[in-house]
Amino acid sequence: FVMKYNYNEIEAKWQKYWAENQTFKAVNNSEKPKFYVLDMFPYPSGAGLHVGHPLGYIASDIYARYKRLKGFNVLHPQGYDSFGLPAEQYAIQTGQHPAITTEENIKTYRRQLDKIGFSFDWSREVRTSNPDYYKWTQWIFIQLYNAYYCKDDNKARPISELVTVFELEGNQKINAVCDDDISIFDEKAWKFFSKKEQELILAKYRLTYLSESEVNWCPALGTVLANDEIVNGVSERGGHPVIRKKMMQWSMRISAYAQRLLDGLQTIDWPQPLKDSQTNWIGRSEGAMVEFEILTPTLSNGEGVNKGYLTGDSQTASTLLPHAKEMRKEPTLEEALLWDSLRNSKLEAKFRRQHLIGKYIVDFVCLEKKLVIEVDGEYHNNKEQIELDQERTLELEQKHFFKVIRFTNEEVKFEISKVLSTIKQVLSSRNTITQSNQETSPAPLERVGVRIFTTRPDTIFGVSFMTLAPEHELVSAITTDEYREKVQEYITKTAGRSERERMADVKTISGQFTGAYAIHPFTDEKIPIWIGDYVLASYGTGAVMSVPCGDQRDYDFAKYFDIPIPNIFADIDISNEAFSDKENTIIANSDFLNGLNYKEATQKVIEQLEAKEIGNRKINYRLRDAVFSRQRYWGEPFPVYYVDELPQMIEEKHLPIILPEVEHYLPTEDGRPPLGNATHWAWDVEKLSVVSCELINNTTIFPLELNTMPGWAGSSWYFNRYMDANNLTEFASKEAMNYWKEVDLYIGGSEHATGHLLYARFWQKFLFDLGYVPVDEFAKKLINQGMILGMSAFVYRVDGTNQFVSKNLKDNYSTQSIHVDVSLVNTSDELDIEAFKNSREEYKNSEFILENGKYIVGREVEKMSKSKYNVVSPDEICEQHGADSLRLFEMFLGPLEQSKPWNTAGITGVDGFLKKLWKLYVPNENIEITDETPTAEEYKTLHKTIKKVAEDIESFSFNTSVSTFMIAVNELTALKCNKRAILEPLLIVMAPYAPHITEELWSLLGNKESISKAVFPKFEEKYLVESTKNYPVSFNGKMKFTLELSLDLSKDEIQQEVMHHPKTIQFLEGKTPKTIIIVPGKIVNIVV
RNA sequence: GCCUUGAUGGCGGAAUUGGUAGACGCGCUGGAUUCAAAAUCCAGUUCCUUCACCGGAGUGCGGGUUCGAUUCCCGCUCAAGGUACCA
């Protein structure tokens, strides 16, 4: 019986033992302190794991095992983010159900993970595609739908509270996050709104809401594409045209949490670069919102439009306005009659006639009271016309929040006094509407002005023009006839370029004057209004005040179009470029701002703007609400059905709503999402179940939502589910969550910085607001593991031949480099020529130009990927070197957070170490151990190892631990140590890194229980105390020799010893030192 | 452009509050063992000069602070990642 280090056998044995004994199962209550170590769960792709994937898992596993040894109750779970695109695409190609391929992939993943010996508690496994799991994803969605964000409390609250307030006093006092286009209404108006109108208003407050947003639709592929799947306006795959298509989609009001997401970063220990990218992504900028009044020459002749009573839709305004003028000139008899009566009666409201609202010209309107009066002609009996009128009323009421009342010609002609009294009555029931409630629009809605956001309100006197995005809604309304053609031409030109093209091409300056002018709020000067595509419609208000002296883009624009560049900075030369240094700004030529610095001037100008009610302080965020709908099959279905186009949540007790079966995984031919193919996808409100689509009658059976949720839905809360993964009645029990609270250590890739990690923080804060989770940041500490890069290998084909030339001879030829599979190359970069020839038909008859009888391949570090033939699988490493070797080697490669190339050749180092370790315990054929007292030297080695490794693990410096182990084993081998008092604790220290070999040796030493139940040895300083120090003696800071001296010596005694040393005398060459620096226990430095 | 991180032998990397630069491992060179190979063991391995000793230079580049700088400060170069006409 020979005890050999047979890693395959040993590793299989212990993996089986751990599984059978449920060694790593965590309990939800314990005397021990808790510790939660989490990995980002993987998407189980068909390709399986490569050696880069387990890097973070190994690190977290070491940490988890270490914490167990340190006496913690450790939760270390694992699961699968199993909804996703690749399975769906595979399904489209093969017809194979994504659930089946996903299941297969998970099996592969599990097998691969098990081989590496992780200490996961698999009893808590989650899969996002599992109905028991996505039931709760749907549940959270419903909670979001039923909540709004209250700015007074700075948290989410139930939407039902909002309804109560609306019923009592309307929305006038509500301070909540909502859509920009909300209007003010009182309780009477609220009651006046139809159910549908009320729902549409509530939608503007809900934390998840439907809105029309654009998607990239590729008709040829019949699918929606992500931005990065489009290159130059055509699909990356196939090069088919892509069109922008508007679709009703769910959005998440993450913008409500912008400030808290920012503030929360202060409280969590996450990597600075990651915090920085979240900070940038949220993009908070402080400044002011300012409204500039517009002079609109074309409109100034007409009635009621010169000074800002424009309510028309910019798209149609230009064509409708002349029409309205015409109608004003030639009113019908009835219109004229009513107009006179309205003016003569003592109504306190001001009416306008033939006024543009949205895309309609209404007969009479009182803007202050938001009341529209329409007089119908004789065609009102026509059925078609009635429908049109209804549509018109609906839009005016819902979109523009006007009350519409109608009279017939007959009523006006014969019963004018009754008509007037009705009008009076309605007027008195309506509150005066003067202000929109939200801070982004401080001015009355009816005023024509252009609102801009600026971070430099202090430079307002430097404004010499304004620029609007070409898509800005006011553009066509303000453009003068003189410039209309050119403006239209410019708009058409820029619309033809995609956002991407526009962004890529930042050098070309382009723009067009509109003919319109704004009025400077302080100087009353005329400011020309331009349009230019350097202004983005999607940021701020889509309009800027251009201060060429203070902003380089404005400067370049002004230079290009010969617009004046007034200088408002004291003593700054702006003849070559703009000056944008806030810190060194002193304002000049700016009336009441003269002489002030950036901060003072900003403060003062905002005060003035607020006093004049044309502007206010404003914090703007770049963060947009997140689109939450995907036109995909393999995702969570929404628990939503539609009644009269209004979304309805399915009651929580009927969840989960299970993903239906479909025949095809592509969208339907008419462009509906894949769930449009489902035959059973309708909601029966009586049976309370999903039924056949054929039964839809829109009275009791309604269509279900066809979109599915995005990939980040399931991953935004899974860390909470692990705390109580098998709970059937709650997403996790209160007790479990109060015990585990949050993740203590989260390890994963930095690529999730602005996706998963931001959304997950958002959901956690939301769940916290509603009292469902105990903390509002889900992960205390986060570490980003670096990427492991592949070492690609290349062969060099001589152009136009079937000859391949070895690396160092290739410069003599004209060659093309071709990726070659790394498995065909040995550790000395030599190509296995026979294997290469057989690898592909086209290489069969290749010839080779060798160097020294060998073919040497070229090497290059690249991302590991199948297409580069540089993938190394952990399976083959486990097979050939063992899991412990793999674990140690991955850690040994370098600092966890750095990216580094993989080179299998280096693994022999840790292989050798493990063999030496084994030999230390089993020097001959049997384990040899004594209970003798160790020597001081042996103790010293052990304790410095304990100290270093504990420090390393706690500072995530896993690579240095491995070298510490090597040093320890080398030293103890040299000492021929076989003392139990040394070798037993040493195993415990190494157990987190190399769990299998340590378990085996631990049991060979006679221990009955798993080493993972042991206690991490206590470090004792006394074993490291030294009596002497080998002092480095430096001259002018350069070390020249060392000198062994007792640590008891005083400074003076050290100086005596050093100065009398022959080497010192030699180096001094007879000179007297200027100073002698002595740091006892550290160094001696002689200055000459 | 902006933000972040980094730059140390042939390679991966170490040096924890400023105190012996290059730990540990790979690779390479030489040796032992072997018929031979693999495996194992021993020695050497920053560069320049030298047979060797001695000596000199040296942590991306240029300055500075300090008795002493890979470490702190200023200016620059390059690389990687994030982000972007963000007003």
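The structure displayed is predicted, hence computed values, not measured ones. Reckoned from all heavy atoms, side chains included, excluding hydrogens, waters and symmetry mates.
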Could you work out the separation of [N] and [M] based on their [atom1] atoms and round it to a whole Å?
N: U8(B); M: U46(B); atom1: C1'; result: 10 Å
N: U29(B); M: C2(B); atom1: P; result: 48 Å
N: C24(B); M: G64(B); atom1: C1'; result: 35 Å
N: C74(B); M: C41(B); atom1: P; result: 50 Å
N: A23(B); M: U33(B); atom1: P; result: 29 Å
N: G9(B); M: A14(B); atom1: P; result: 13 Å
N: G19(B); M: G68(B); atom1: C1'; result: 7 Å
N: C54(B); M: G6(B); atom1: C1'; result: 38 Å

Would you classify [X] as touching base, sugar-phosphate or nothing, given that sugar-phosphate means primed atoms plus P, OP1 and OP2, and contacts are heavy atoms under 4.0 Å?
X: K1038(A); answer: base
X: N970(A); answer: sugar-phosphate
X: T908(A); answer: sugar-phosphate
X: D551(A); answer: nothing
X: P271(A); answer: nothing
X: N620(A); answer: nothing
X: K1040(A); answer: sugar-phosphate
X: T1042(A); answer: base
X: E751(A); answer: nothing

Strictly below 4.0 Å: does [X] bring a side-chain N or O up to OP1 or OP2 of [N]?
X: Q272(A); N: U5(B); result: no
X: R622(A); N: A84(B); result: yes
X: K900(A); N: C26(B); result: no

Chi-angle category of G58(B) [syn within 90° of 0, anti beyond]:
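In terms of base orientation relative to the sugar, G58(B) is anti.
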Aromatic ring pairing H1061(A)/F1041(A), orientation class (parallel under 30°, perpendicular over 60°, tilted between)
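H1061(A) and F1041(A): parallel rings.
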Can you say whether the rings of F465(A) and W530(A) are parallel (under 30°), tilted (30 to 60°) or perpendicular (over 60°)?
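It falls in the perpendicular class, over 60°.
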M466(A) has an atom CE; how far is it from atom C1' of A87(B), in whole Å?
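Going from CE in M466(A) over to C1' in A87(B) covers 11 Å.
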Atom CD1 of I967(A) to atom C1' of A23(B): distance rounded to whole Å?
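It is 6 Å, rounded to the nearest whole Å.
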Whether the side chain of N1085(A) engages the backbone of G1037(A) through a donor-acceptor N/O pair (distance < 3.5 Å, no angle test) should be reported.
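Side chain of N1085(A) to backbone of G1037(A), a donor-acceptor pair under 3.5 Å: yes, one is there.
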Earlier contact from the 5' end, RNA chain B, for N903(A) and T960(A):
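Nearer the 5' end of the strand: T960(A).
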Closest nucleotide among A21(B), G13(B), G12(B) to the F892(A) side chain
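Out of A21(B), G13(B), G12(B), the nucleotide with an atom closest to F892(A)'s side chain is G12(B).
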